[in-house]
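For reference, the structure is listed below as structure tokens.
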Amino acid sequence: MKHHRFEKWLRNIYETREEEISCTECFDLVSRFVELESSGQDAAASMPQLRQHLDQCRACRDEYETLRDLRRLGDESGLPSVDDLRNSLS
Ligand SMILES: [Zn+2]
């Protein structure tokens, strides 16, 4: 009985993990998320896993907020795109 419960618990963790994305995946996707958002689309609805990760991960949320702010600045002043800025930072 105890063993069965442990297995179930383990499976729950595994299944949860499977649905989550890693910071690396988040980093790859977050600029697209910002692009969707800035073009007026529902980014959270089309990329729910990314949204979930941003809610849970402080580092990626900072990254997202930085990109979002840069994107806004770019829209206002015609600065380089988010991807250009990221390339120059890395
Ligand atoms: Zn993360």
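In listed order, ligands and their atoms are each counted from 1. Computation of the quantities below employed the complete heavy-atom set of this structure, encompassing side-chain atoms and omitting hydrogens, waters and symmetry-equivalent molecules. Quick caveat, the model's predicted, so the values are computed rather than measured.
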Check your understanding: Do Arg71 and Glu37 meet the salt-bridge criterion of a basic N to acidic O distance under 4.0 Å?
Key -> no
Exercise for review: For the pair Glu65 (side chain) and Asp62 (backbone), establish whether a donor and an acceptor sit closer than 3.5 Å, ignoring hydrogens and angles.
Suggested key: no
Review point. Quick one: are Ser31 and Arg86 in side-chain contact, heavy atoms under 4.5 Å?
Key: yes
Practice item. Could you please tell me which protein N, O or S atoms lie under 2.8 Å from the Zn ion (ligand 1)? Key: Cys23 SG, His53 NE2, Cys57 SG, Cys60 SG
Exercise for review: Verify the cluster assignment for Ile21 and Val30: are they in a single hydrophobic cluster under the rule of side-chain heavy atoms below 4.5 Å apart?
Suggested key: yes
**Study point:** Aromatic Phe33 / basic Arg68 pairing, under 6.0 angstrom, 45° off normal
**Key:** no
Exercise for review: Group every Ile, Leu, Val, Met, Phe, Trp and Tyr by side-chain heavy-atom contacts under 4.5 Å, then state whether Tyr64 and Phe27 land in the same group.
Suggested key: no
